[in-house]
Amino acid sequence: MIALSLPDGSVRQFEAPISGAELAADISKSLAKKALAVTVNGELRDLTRTIDTDAEVRVITAADEDIALPLIRHDAAHVMAQAVQDLYPGTQVTIGPAIDNGFYYDFARETPFTPDDLEKIEARMKEIVAADLPLIREEWDRDTAIKTFRDMGEAYKAEIIEALPEEAPISVYRQGDWFDLCKGPHLPSTGKLGTAFKLTKLAGAYWRGDSNNEMLQRIYGTAWANDKQLKAYLTMLEEAEKRDHRRLGREMDLFHMQEEAPGAVFWHPNGWALFRALIDYMRRRQEAAGYVEINTPSVMDRAMWETSGHWQTFREHMYTTQTEDERIFALKPMNCPGCLSVYRSATRSYRDLPLRIAEFGKVNRYEPSGALHGLMRVREFTQDDAHIFCTPEQMEDECRTVVELIMDIYKDFGFTDVRIKFSDRPDKRIGDDATWDKLESALKGALDHMGLPYSHNPGEGAFYGPKLEFVLRDAIGRDWQCGTLQVDMNLPARFQAVYVDKDDTRKPPVMLHRALFGSLERFIGILTEHYAGRFPLWLAPRQAVVATITSDADDHARAVLKALQAAGLKAEADLRNEKINYKIREHSDAKVPVILVVGKREAEEGTVAIRRLGGKDQEILALDKAVATLSDEAAPPA
RNA sequence: GCCGGUAUAGCUCAGCUGGUAGAGCACCUGAUUUGUAAUCAGGGGGUCGCGGGUUCGAACCCUGCUGCCGGCACCA
């Protein structure tokens, strides 16, 4: 006798052990049809597996998206693998998990798959779904399993089993005459997968994610519970493409890149206006927070980089030059050595600390060619960098101040969902454990005192100190790592930076490395996508356009323009002999936030008609009122 | 860096199996003086990414390189 309790609180008694499918059928006919899996005491299981003890049971249907979609996607991966092996015998299967929005499967095959193959595979997948093959779970003996897969020529599967712990059960799922090693669970039959899936892309992927291993061929797909969801997802992808910063960068004339300078940005006036607005803002915030600002050389002798350790650890990412005098120089990949040089240019007293030194430093790093991506990953970029020199006693307070500043600044851009990652000592590190204890507790202490939650990244810190990373989530739910805060007692020592303490002894200061935007280039890329090009007025590179309806209004339009510019607004006038429809369309496409329409009426009355981007209505205001309103709105956050 | 794809006018793209290039938008000129998301007509513009090769002949086929795109790895 077993008792199964259901989510609604009811309990059903059964004489003998019962399968999930039988349980669903016992509850209702329609549930039996819709059932995809069951959870038994919270553990997700196949419908076909027998429940033989008292338990809390829940029947899973497509309505339980969080559970059902991963199941559907995982099944889609299996069906795809079967389709591939049907069509291309000799192809080895490796792994094929469900992922966000879809699934993939990695295959080992000599011949590359082509985009045409995807269509064929998809067609074969639909046949397998139509055949509605039952998925049957089997448990195999470990050695038999290894032998079976090895004999089949499935070396990767055999390797996977060998890597499993001795006591792990080896489960295999069959669908028709095809089977795959898999821990499951799965849908009861391939028909339950439905046809709301689509193969999306081909890619290379290293076996076990290790670049020392051979490269496999990965096929990605997306899969959903129904066609409506699939279509919504595909539409979402199209929308995301429309806000791609590379596309908007061209459409809004922000910047361009070209072949002669891979990974470097040619900023156009519009993009540079944005860049300057961000720097102006940050400069103001930093000055208010007690920072001073410096600027240091881009090209410095290799000896500098040997002292800092970059030459030994970062050489492959550095650009170097050789001049006629045979000295080797390097383009700075980081600003710290320059800043340390400024620190060392005077004898520092404990009274000078904390000393907060900012630099909008342009750095060059030779990034792998495959990593480059628009503004997001470049080889030449500008950091909103700063280094804070302080005593060990001040360290925790300084960390807290930095975190406060970061969180506050992100808020000004509408990033309220910020997650913090804390990375502690890595295996390969310098410095003694006592120092690491201090550095880590300073960082953690700062967060704890502020009551901020954070996740732990054990062993992911820099070799010289632990770090915090600030990951922000944009308007369409994507995560971006921007800010970072690192504590360091190593570099000051390498450069023999010291301060004179109260007792007249020389001591090395603690050095905090921090950046908020991270890279200005990247941050502009993120903002562009976050706002979909519709920047808030204070950031917009073109804030207002005065558009005339007839040439009768030209003089008035010039006066309006003059007034706007006098109030500090980035404004233009469009006096072209074009219809107002044409002008509105063009400036709206260019994402200009405010269009001031002036015609004969406005000219006579001394007013303007304000039309906001995306809005249908207009607001007629007296000129001085309009200018005051707009200049108020265009003020950057304090 | 690795795997796959791709490169034609400023932009988006067409150009069948090889016979020396075409559209829309943008730009220029003219007409139109227009009331809230494309007025009409005319015109100029391309070493078909770069270098080799095959061929009587290459945007098209082969090959090397470079950039870009999608992933993987990397992101101190």
Side-chain angles (χ1 to χ4, degrees), chain A residues 99 104 106-107 109 111-118 200-220 241 244 246-247 250-251 253 256-263 308-310 312-318 333-334 336 363 365-374 376-379 381 423 426 428 460-465 467 469 481 484 486 488 513 518-519 522 547-554 575-590 595-602 609-618 620:
Chain A
I99 52 172
Y104 68 77
D106 285 348
F107 300 98
R109 180 189 180 222
T111 325
F113 291 112
T114 67
D116 285 346
D117 292 336
L118 292 191
T200 50
K201 51 200 172 193
L202 278 167
Y206 296 107
W207 167 235
R208 298 210 145 132
D210 184 338
S211 59
N212 295 312
N213 291 340
E214 63 275 29
M215 186 159 269
L216 307 169
Q217 296 190 65
R218 175 172 298 179
I219 301 177
Y220 281 95
E241 203 187 310
D244 187 305
R246 292 165 299 185
R247 175 174 170 156
R250 188 173 49 243
E251 289 174 358
D253 199 17
H256 86 268
M257 301 174 101
Q258 66 189 44
E259 206 171 325
E260 290 83 349
S308 69
H310 286 90
Q312 296 82 329
T313 57
F314 205 67
R315 179 80 182 79
E316 60 187 13
H317 296 287
M318 289 168 71
M334 292 186 207
C336 352
V363 295
R365 300 180 189 178
Y366 186 77
E367 299 287 351
S369 58
L372 303 181
H373 179 90
M376 303 304 198
R377 193 78 182 271
V378 287
R379 286 181 173 157
F381 59 99
S423 302
K428 241 180 97 179
E460 293 290 311
F463 70 92
Y464 52 76
K467 68 178 176 189
E469 287 172 346
Q481 200 232 294
T484 139
Q486 300 165 20
D488 172 16
H513 308 240
S519 140
R522 203 156 98 91
T548 52
I549 294 171
T550 74
S551 50
D552 293 341
D554 284 2
L575 308 182
R576 290 174 304 172
N577 179 9
E578 294 289 352
K579 286 183 147 181
I580 192 64
N581 287 333
Y582 180 88
K583 294 184 183 183
I584 284 170
R585 179 184 162 84
E586 193 173 280
H587 299 124
S588 298
D589 279 347
I595 300 175
L596 298 103
V597 179
V598 295
K600 210 169 159 187
R601 206 153 59 224
E602 287 76 13
I610 294 184
R611 187 189 207 280
R612 307 272 178 173
L613 179 57
K616 280 272 168 247
D617 306 327
Q618 60 174 348
I620 314 256

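Lettering follows sequence order; numbering is per chain, from 1.
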Mind checking A:H310 for me? I need base, sugar-phosphate or nothing, with any heavy atom below 4.0 Å counting as a touch. nothing

Applying a 4.0 Å non-hydrogen cut-off, can you work out what A:P368 is touching in the nucleic acid: base, sugar-phosphate, or nothing? base

Which of B:G70, B:U36, B:G35 is nearest the side chain of A:A203? It is B:G70

What nucleic acid atoms does A:A609 come within less than 4.0 Å of, heavy atoms only: base, sugar-phosphate, or nothing? base

Side-chain contact check for A:K600: nearest option of B:U36, B:G67, B:G35 is B:G35

For B:C16, which nucleotide is its Watson-Crick or G-U wobble mate, given both distances must be under 3.5 Å? none

Categorize A:I549 for me: base, sugar-phosphate, or nothing, with a 4.0 angstrom heavy-atom threshold over every strand shown. base

Looking only at side-chain atoms of A:R377, point me to the closest of B:G35, B:U36, B:C74. B:C74

Side chain of A:P262, heavy atoms from C-beta onward: which of B:G1, B:U36, B:G67 has the nearest atom to it? B:G67

Hey, does A:T550 reach any base, or is it just sugar-phosphate, or nothing, if we go heavy atoms under 4.0 Å? base

Rounded to the nearest Å, what distance is computed from the CG atom of residue A:L372 to the P atom of nucleotide B:G70? 12 Å

Classify A:Y220 by what it touches in the nucleic acid, base, sugar-phosphate, or nothing, heavy-atom distance under 4.0 Å. sugar-phosphate

Check this one for me: any side-chain N or O of A:S551 less than 4.0 Å away from OP1 or OP2 of B:U33? no

Who does B:A38 pair with, Watson-Crick or G-U, both distances under 3.5 Å? none

Can you check the A:F314 CZ to B:C75 C1' distance for me, whole Å? 9 Å

Regarding A:E460, tell me which of base, sugar-phosphate or nothing describes its non-hydrogen contacts under 4.0 Å with the strands shown. nothing

With heavy atoms under 4.0 Å as the rule, sort A:K201 into base, sugar-phosphate or nothing. sugar-phosphate

Looking only at atom P, what distance separates B:C69 and B:C27, rounded to whole Å? 27 Å

Under 4.0 Å between any heavy atoms, over every strand shown, what does A:R246 touch: base, sugar-phosphate, or nothing? Just pick one. sugar-phosphate

Mind checking if A:Y582 touches a base, just sugar-phosphate, or nothing, with heavy atoms under 4.0 Å? sugar-phosphate

Nearest to the side chain of A:K616, which nucleotide is it out of B:A37, B:U12, B:G4? B:A37

With the side chain of A:Y206 defined as its heavy atoms from C-beta on, choose the nearest nucleotide among B:G35, B:G1, B:C69. B:G1

Under 4.0 Å, counting only non-hydrogen atoms across every strand here, what does A:D552 touch: a base, just sugar-phosphate, or nothing? nothing

Side-chain N or O of A:R247 versus OP1/OP2 of B:C11: is the shortest distance under 4.0 Å? no

Indicate, with a heavy-atom threshold strictly under 4.0 Å, whether A:A371 touches base, sugar-phosphate, or nothing. base

Under a 4.0 Å threshold between the charged nitrogen and the carboxylate oxygen, would A:R246 count as salt-bridged to A:D244? yes

Short side-chain N/O contact to B:U33 OP1/OP2 from A:R576, under 4.0 Å: no

For B:G57, the Watson-Crick or wobble partner whose two distances fall under 3.5 Å: none

What contact category does A:R611 fall into here, base, sugar-phosphate, or nothing, at under 4.0 angstrom with non-hydrogen atoms? base

Would one find a side-chain N or O of A:H317 under 4.0 angstrom from OP1 or OP2 of B:C74? no

Tell me whether A:E602 contacts the main-chain N or O of A:G599 through its side chain, where contact means a donor paired with an acceptor under 3.5 Å. yes

Counting Watson-Crick and G-U wobble pairs only, both distances under 3.5 Å, name the nucleotide matched with B:C75, or none. none

NA contact type, A:Q258, heavy-atom cut-off 4.0 Å: base, sugar-phosphate, or nothing? nothing

Partner of B:C25 under the Watson-Crick or G-U wobble criteria, both distances under 3.5 Å, comes out as B:G10

State whether the number of non-hydrogen atoms from other residues, nucleotides or ligands found under 6.0 Å of A:E316 atom CD is greater than 12. no

When you compare B:C11 with B:A26, how far apart are their P atoms, in angstrom units rounded to a whole number? 15 Å

In whole Å, what separates the C1' atom of B:G18 from that of B:U55? 9 Å

C1' atom, B:A23 versus B:G30: distance in rounded Å? 23 Å

